[in-house]
Protein chains: 2
Amino acid sequence: MFFYSFETKKLNFLTKHKDLILYGFSLAILLFLLKWIELHFVIINHSFEIYVGLIALFFTALGIWLALKLNKPTIIEKEIFTNKKGFKLNEIEVQKLGLSKRELEVLHLMSTGLSNQEIAEKLFVSLNTIKTHASNLFEKLDVKRRTQAIEKAKRLSLIE
Amino acid sequence: MFFYSFETKKLNFLTKHKDLILYGFSLAILLFLLKWIELHFVIINHSFEIYVGLIALFFTALGIWLALKLNKPTIIEKEIFTNKKGFKLNEIEVQKLGLSKRELEVLHLMSTGLSNQEIAEKLFVSLNTIKTHASNLFEKLDVKRRTQAIEKAKRLSLIE
DNA sequence: TTTTAACTCATACTTTTGAGTGATTTTATC
DNA sequence: GATAAAATCACTCAAAAGTATGAGTTAAAA
């Protein structure tokens with residue numbers, strides 16, 4: 001019980017140094033225990049096998065505990081392919097293309113599947129305004145359709 | 001050496017069952033060893049402490065080995081952000097939505113920014129056919145526009 | 001202060017897209 | 001060979017998208 005809570009709660013604080021101290025401490029206890037068990041061995045004679053068995057059991061446990069403590073966890077890196085997180089906007093490309101803040105905004109809303117009308121409502125401007133932005137956008141991106149714009153924008157990390 | 005190669009190469013094949021068998025096997029060997037060491041103990045008398053020490057050492061080693069064997073490696077998930085590589089088509093979702101091969105094809109071409117007319121030319125069918133496919137596609141995906149379809153399809157790993 | 005770029009909006013027009021309906025052919029399955 | 005699903009195509013109508021042009025407003029920069 002002592003070892004268990006110690007392991008789980010303070011696992012990260014254990015350094016090689018502390019482990020060594022702990023090991024020495026354990027050995028001291030063990031020597032004492034051995035002598036104690038030996039005494040019983042003298043009293044209860046002919047129970048040699050039991051004595052050996054106890055020692056074997058105890059040291060097996062010690063070995064297990066030691067190994068679990070000293071063994072650094074094997075780290076298996078598992079790759080997770082993610083699209084959404086870790087996005088870094090390509091500001092260089094944005095500047096190179098001369099995209100304005102509003103245009104980038106419209107572009108992003110486009111990519112979410114909104115219609116021009118919906119974008120207009122979301123940004124509190126008229127449909128014509130959005131159309132103008134869209135047209136300028138397509139010209140700057142050198143595309144003909146919004147689907148192309150979205151594709152290119154994602155490819156250039158302008159959005160998403 | 002034997003154990004090492006066994007660990008690394010067959011790590012995934014080791015089940016609880018096999019571990020138990022291995023443990024039993026080890027115990028059998030140990031009993032034999034104990035008897036052997038005991039024999040030496042009888043011959044070389046008064047070396048009781050050495051005998052105990054050997055057993056202790058051996059079982060500590062056994063414990064360590066056991067722990068290393070039984071201890072499952074800690075799996076640390078590391079996210080790697082990749083856009084293009086490692087794409088796995090979500091066939092389960094495709095089936096769930098009931099998308100046909102042709103519909104999926106049209107969907108993919110849509111996502112590349114092609115117009116219906118261009119898709120029709122690419123697939124050597126009429127514009128009307130593509131429109132029909134698109135309509136069915138939108139119904140199945142429960143969307144209203146192609147941009148929404150593309151967005152949803154990418155989200156569900158139906159394309160790209 | 002003038003200039004410039006960004007943002008706004010309108011009108012007119014064209015093209016593309018999408019909805020709805022119906023029908024024929026192909027292909028695979030029972 | 002019947003059946004069902006998939007693919008094909010047409011026609012109409014409506015909605016959305018896109019083009020072109022012109023113009024007013026605002027805010028920042030020269």
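Reminder, nothing fancy here: chain letters follow the sequence lines and each chain counts from 1. All values derive from a computational prediction rather than experimental measurement. Basis for what follows: all heavy atoms, side chains included, without hydrogens, waters or symmetry-related copies.
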Salt-bridge test for B:K101 and B:E105: reply yes if a basic N is under 4.0 Å from a carboxylate O, no otherwise.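 No, B:K101 and B:E105 are not salt-bridged.
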
Considering residues at least two apart in sequence or located in another chain, which fulfil the side chain to side chain contact (heavy atoms under 4.5 Å, CB included) criterion with A:A120?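 A:A120 satisfies side chain to side chain contact (heavy atoms under 4.5 Å, CB included) with A:I130 only.
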
d(CD, B:E139; C1', D:dA5) in whole Å: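 My rounded result for the distance is 16 Å.
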
Are A:L141 and A:L107 close enough that some pair of their side-chain heavy atoms sits under 4.5 Å apart?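 With C-beta onward as the side chain, the pair touches.
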
Between A:R146 (CZ) and D:dT19 (C1'), how many Å, whole number?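 Those two atoms, CZ and C1', are 14 Å apart.
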
For B:K140, enumerate each residue passing the side-chain hydrogen bond (donor to acceptor under 3.5 Å, both in side chains) test, keeping only those at least two apart in sequence or located in another chain.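 With sequence neighbours excluded, B:K140 shows a side-chain hydrogen bond (donor to acceptor under 3.5 Å, both in side chains) to B:E103, given in chain and number order.
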
Could I get the full list of side-chain hydrogen bond (donor to acceptor under 3.5 Å, both in side chains) partners for B:S135, not counting sequence neighbours?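 Counting only residues at least two positions away or on another chain, B:S135 forms no side-chain hydrogen bond (donor to acceptor under 3.5 Å, both in side chains).
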
Between P of D:dG18 and CZ of B:R145, the distance in whole Å: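 After rounding, the gap between these two atoms is 11 Å.
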
Give the first and the last nucleotide of DNA chain C, reading 5' to 3', that has any atom under 4.0 Å from a heavy atom of chain B.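 Both ends considered, the range comes out as C:dT17 to C:dA19.
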
Residue that, paired with A:L137, satisfies side-chain contact (heavy atoms from CB on, under 4.5 Å) out of A:T132, A:L97, A:V143, A:L99: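 Among A:T132, A:L97, A:V143, A:L99, the one meeting side-chain contact (heavy atoms from CB on, under 4.5 Å) with A:L137 is A:L99.
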
Selection: residues 92-111 of chain B, any non-hydrogen atom under 4.0 Å of DNA chain D: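 Those residues whose heavy atoms fall under 4.0 Å from DNA chain D, taken from residues 92-111 of chain B in numerical order, are B:S100, B:K101, B:R102.
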
Does B:V125 reach the side chain of B:H133, with side-chain heavy atoms less than 4.5 Å apart?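 No, their side chains stay 4.5 Å or more apart.
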
With B:K144 via side chain to side chain contact (heavy atoms under 4.5 Å, CB included) - residues at least two apart: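 Residues passing side chain to side chain contact (heavy atoms under 4.5 Å, CB included) with B:K144: B:Q148.
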
Would you say the side chain of A:V94 lies within less than 4.5 Å of the side chain of A:L89, judging by non-hydrogen atoms?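 When only atoms from C-beta onward are counted, A:V94 and A:L89 do touch, with a gap below 4.5 Å.
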
Who are the side chain to side chain contact (heavy atoms under 4.5 Å, CB included) partners of B:K96, not counting sequence neighbours?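 Once residues adjacent in sequence are excluded, the partners of B:K96 under the side chain to side chain contact (heavy atoms under 4.5 Å, CB included) criterion are B:E93.
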
With a 4.5 Å cut-off on side-chain heavy atoms, are B:H108 and B:T112 touching?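 In short, these two side chains touch, coming nearer than 4.5 Å.
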
Between residues 115-136 of chain A and DNA chain C, which residues have a heavy-atom gap below 4.0 Å?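 Under 4.0 Å from DNA chain C: A:V125, A:S126, A:N128, A:T129, A:T132, A:H133.
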
B:L137 CG to D:dT8 P, straight-line distance once rounded to whole Å: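 B:L137 atom CG is separated from D:dT8 atom P by 13 Å.
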
Any N/O pairs under 3.5 Å between the protein and nucleotides 24-30 of chain D? List them or say none.
none

Per the end-axis method with five pairs at each terminus, what is the bend angle of the helix from C:dT1-D:dA30 to C:dC30-D:dG1, to 10°?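 The end-segment axes of the helix from C:dT1-D:dA30 to C:dC30-D:dG1 are tilted 50° relative to each other.
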
I'd like to check the side chain to side chain contact (heavy atoms under 4.5 Å, CB included) partners of B:S115; sequence neighbours left out, ordered by chain and number.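 By the side chain to side chain contact (heavy atoms under 4.5 Å, CB included) rule, B:S115 matches A:R145, B:Q117, B:E118.
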
So which heavy atom on A:S111 is nearest to which on A:I159, and how close?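 Smallest interatomic distance, heavy atoms only, reads CB-CD1, 3.4 Å.
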
Salt bridge (Lys or Arg N to Asp or Glu O under 4.0 Å) partners of B:K88, counting only residues at least two apart: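 Applying salt bridge (Lys or Arg N to Asp or Glu O under 4.0 Å) to B:K88 gives B:E91.
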
For B:N116 against B:M110, the heavy-atom pair lying closest together: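 For B:N116 and B:M110, the tightest heavy-atom pair comes out as OD1-CE, 4.2 Å.
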
